[in-house]
Amino acid sequence: MLTSAMHVFTLPPLRSPPLRAGLLVITLILALLFGGCAGNDGHPVRKHARPDPQDTPFTGQWWEYYARGLAHVLAGNDRRATEDFSQAIEDRPDDQWHIRTTGSSLTDYFPHRELGILLYRQRRFEEAARELERSLDTAPSARARAWLTRTRGAIIKRNGSDLHPPELALNRSSGKKLTNAFSLVVRGRASDDTFLAAIRVGEKLLTLDPVVPEKYFEVEVPLVEGDNAIRVEAADLSGKSTVRTLELYRDLQGPQINIDSITAVDAGVTLKGGAADDTAVSLIQINRRHWPVSGRARGYTFNVLLPDGPITVLAGDRTGNITRAVVRHNEPDLLNDSLPDQDARAKDDGTQKIPPPDPENASTDTTGPIIQLRGLESGLTSFQEILALKGMVSDTSMVTALTLNNRSILVRNGRTIYFSLRRKLRPGPNPFVFQAEDEYGNKTVETIIIHRAVPEIMRKQQRLTLAVAPPGQRQPGSLPPAGLLQERLFDAFAQEGRFNLLPLPQMPTLPDDQGAFYLNPARAAELGRQLGVRAVLTTMLIRHREGVELVSRLVDTATGSIMLTNDAFSWSTDQEVPDILFRDLAQGCSREFPVIRGSITEVHENQVIIDAGARQGVRPGAEFICYRDIPPSPHPVTGQLLESEPKIIGILRVDAVYDDQARATFLKRCCAPLASDKVIAR
């Protein structure tokens, strides 16, 4: 069940402090919020530095009402806080991130959110929901979304309005499907008579924050070889759920082709053999002529008289996997593969070496099977992610076992067996160990190692460079060390893999007298330029009466502007900061900066137009790598067509963004761009 327990932690009511103590609290809040977490000279504000309250008179400005409302919340005076937030809204109606107050001072301004929370505590749920919805309409925040979810749950529970479980419709019909893909995109629609709380697709949980009555979703799920059962579940706020299951069989192996005999008959030859597959053989072609098959059986045999000359057999399965066998001479692939069969163990005329059966002397067989791999040699370097493995195993006796990395790939015993399959390559070395065994226990092992090189345009070093500053902390009580929080934040961003992170030892720590560190945008940009990074992430940890919040700003070091404000919230009331807070923040930042791909549609001297814009997530000031695809080239020894590394043309910076287009200027380039060149976000 996709239920989430909501634990409400309520502090006991606090007594109203004396007037002077209350003014001190208000002054502290003003200093923290409106000093931009730094003085005008760019240095961090000391938490112990509290100006005399007589020097900060209350003048009735909207930001003063808001700050005083926050102070009343800290003091436990919810009634006065409600009055101040209401007055702030009357003077300044919209919630807003980093709004300017006086001079260069900025603050985060959320009177609707704070008022909504107070109304919830007073059990005025409908009014609370309206305030929280208004906050989300003007300045979305994780804390407002969490409180709105809790408020809607309280309304549903009080009214008893949740009568039915969610409805769940998927884009794929029931029944087991066959596929040769490495992943599946699951699309569907979930809806509820009240509000959906979450949708789980396989191992991926989609938390709906805020909750909604209807959600269209699209999730890519990796597949394993063989049977896959993808569980899709939708749950509502009351804990009711609906489950659907998608069943798939992933088949990455083409049919096995067995050649039993080739016998000369007058001016021709008789070819006997068959094709078999774990699913079903849907296609057999012999010298471009179709052999009749129904497409429903796992195996078929053939016995055909052919003219003397090249013989090529093709077999395909229901998922589209193909195996090709050239049993006499080299010949162009009937599927336009155009790869010649070359192997050190083949005869000079190109005929495959097929050992003839020798039944009389089979008992004296002490030699293992021959394993031949087509177009591959150990030590080969490839830029492609998917590798096609094609080969043949032959023996004078019957081959009874054939494995790849200890997994059987043999469908039917035989003396001459052709096989094909695909595997995904990991960056770095990928060992492939083939082992064949005949009926007398003779074994042969063939090992090749294929190195996958990551193209430069996809390497982490080409992504946006980001320095992670130690989080500042704004809450009473004992605090976790800023350095430890920085490490956990760094690890969460590293796990996402979106940014080129500055290693932690190179990140300077500038602690104040409490060990906390926080940078305002100007100071962050200055430090980022010193470090040579594109952006700096500054974060503030804030504890509330219920839960803990992380607020982050991604600062452009070139301009000092805020590229992104993002936050995460957890209901945890423990002193320890939960891991999910860091993960949510890192995932949110990664979603806001997707690795966008596109193409150049127009070239105007040093400026270009690309076919990606605001709808695809392009932002003004974003940088792109411009590159050019290079056609594959044949390996000098094996003839295998190898994917070439794309050529980098230059670096672009976006000047203007439209709905589905953007205009960009080259910061540097090595040659003239073409309208067919491609781009990828840094």
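Sequential numbering from 1 along the given sequence is applied to the chain's residues.
The ring of F110 has its center closer than 6.0 angstrom to the ring center of W97.
Between the side chain of T179 and the backbone N or O of R250, no donor-acceptor pair lies under 3.5 Å. Looking only at distances, no side-chain donor or acceptor of T323 sits under 3.5 Å from a matching main-chain atom of A315. No side-chain donor-acceptor contact under 3.5 Å links R423 to the backbone of A388. The closest donor-acceptor contact from the side chain of R534 to the backbone of R682 lies at 3.5 Å or more, if one exists at all. N606 contributes a side-chain N or O that, together with a main-chain N or O of F666, makes up a donor-acceptor pair within less than 3.5 Å. Checking side-chain atoms of S599 against main-chain N and O of K678 turns up no donor-acceptor pair under 3.5 Å. Here the side chain of Y109 pairs a donor or acceptor atom with the backbone of R92 at under 3.5 angstrom. The backbone N or O of P255 lies less than 3.5 Å from no partner atom in the side chain of D317, so there is not a single donor-acceptor pair. Put simply, the side chain of Q384 gets close to the backbone of I386: a donor and an acceptor are under 3.5 Å apart. Although no hydrogens or angles enter the test, the distance criterion places a donor-acceptor pair under 3.5 Å between the side chain of D95 and the main chain of H112.
A cation-pi arrangement is absent between R187 and F217, since the terminal nitrogen or guanidinium carbon is not both under 6.0 Å from the aromatic centre and inside a 45° cone about the axis.
Salt-bridge check for K647 with D677: failed, with every basic side-chain N at 4.0 Å or more from each acidic carboxylate O. Between E220 and K204, none of the side-chain N atoms (NZ, or NE/NH1/NH2) sits under 4.0 Å from a carboxylate O, so this pair counts as no salt bridge. One finds no salt bridge joining D567 and R143 here, because no Lys/Arg side-chain nitrogen approaches an Asp/Glu carboxylate oxygen to under 4.0 Å. The pair R318-D251 does not count as a salt bridge, with every side-chain nitrogen at least 4.0 angstrom from each carboxylate oxygen. Comment: D584 does not engage R145 in a salt bridge, judged by the lack of any side-chain N to carboxylate O separation of less than 4.0 angstrom. Taking the charged nitrogens against the carboxylate oxygens, E549 and R113 do have a contact shorter than 4.0 Å, which makes a salt bridge.
Remark: H604 NE2 is packed, more than 12 non-hydrogen atoms of other residues, nucleotides or ligands lying under 6.0 Å away. Applying the 6.0 Å contact sphere to CG of L178 captures more than 12 heavy atoms from other residues, nucleotides or ligands. The neighbour count for E203 CD, taken as heavy atoms of other residues, nucleotides or ligands under 6.0 Å away, does not exceed 12. Other residues, nucleotides and ligands contribute only 12 or fewer heavy atoms inside 6.0 Å of the CD atom of Q495.
At a threshold of 4.5 Å between non-hydrogen side-chain atoms, the residues D108 and R553 count as touching. The side-chain heavy atoms of L248 and L184, taken from C-beta on, include a pair separated by under 4.5 Å. When side chains are defined from C-beta on, V618 counts as touching F624, because their heavy atoms get closer than 4.5 Å. Considering only heavy atoms from C-beta on, V555 stays 4.5 Å or farther from R523 through its side chain.
Nearest heavy-atom pair, S644 versus P631, reported as atom, atom and distance to 0.1 Å: OG-O, 3.0 Å.
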For this session: Begin with the C-alpha distance, continue with both residues' side-chain angles, and end with the deciding distance and a verdict on side chain to side chain donor-acceptor pair (under 3.5 Å) for H98 and T107.
Result: CA-CA 5 Å; H98 44 83; T107 187; over 6 Å; no

For this session: Check the pair R583, E496 against salt bridge (charged side-chain N to carboxylate O under 4.0 Å, His left out), reporting the backbone distance first and the verdict last.
Result: CA-CA 9 Å; R583 291 199 301 268; E496 287 298 303; over 6 Å; no

For this session: I would like to know whether D611 and Q661 meet side chain to side chain donor-acceptor pair (under 3.5 Å); could you show each step before the answer?
Result: CA-CA 5 Å; D611 61 355; Q661 288 185 324; over 6 Å; no

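Under 3.5 Å, the side chains of Q253 and N321 contain no donor-acceptor pair of N or O atoms. A donor-acceptor contact closer than 3.5 angstrom is absent between the side chains of T539 and S552. The closest side-chain donor-acceptor pair between R663 and Y658 falls under 3.5 angstrom. Side chains of T465 and N500: no donor on one and acceptor on the other come within 3.5 Å.
Each of T665, V603, I649 was compared with V608 under the side chain to side chain contact (heavy atoms under 4.5 Å, CB included) criterion, and only V603 meets it. Among the candidates L502, L466, L537, V468, the single residue satisfying the side chain to side chain contact (heavy atoms under 4.5 Å, CB included) test with F490 is V468.
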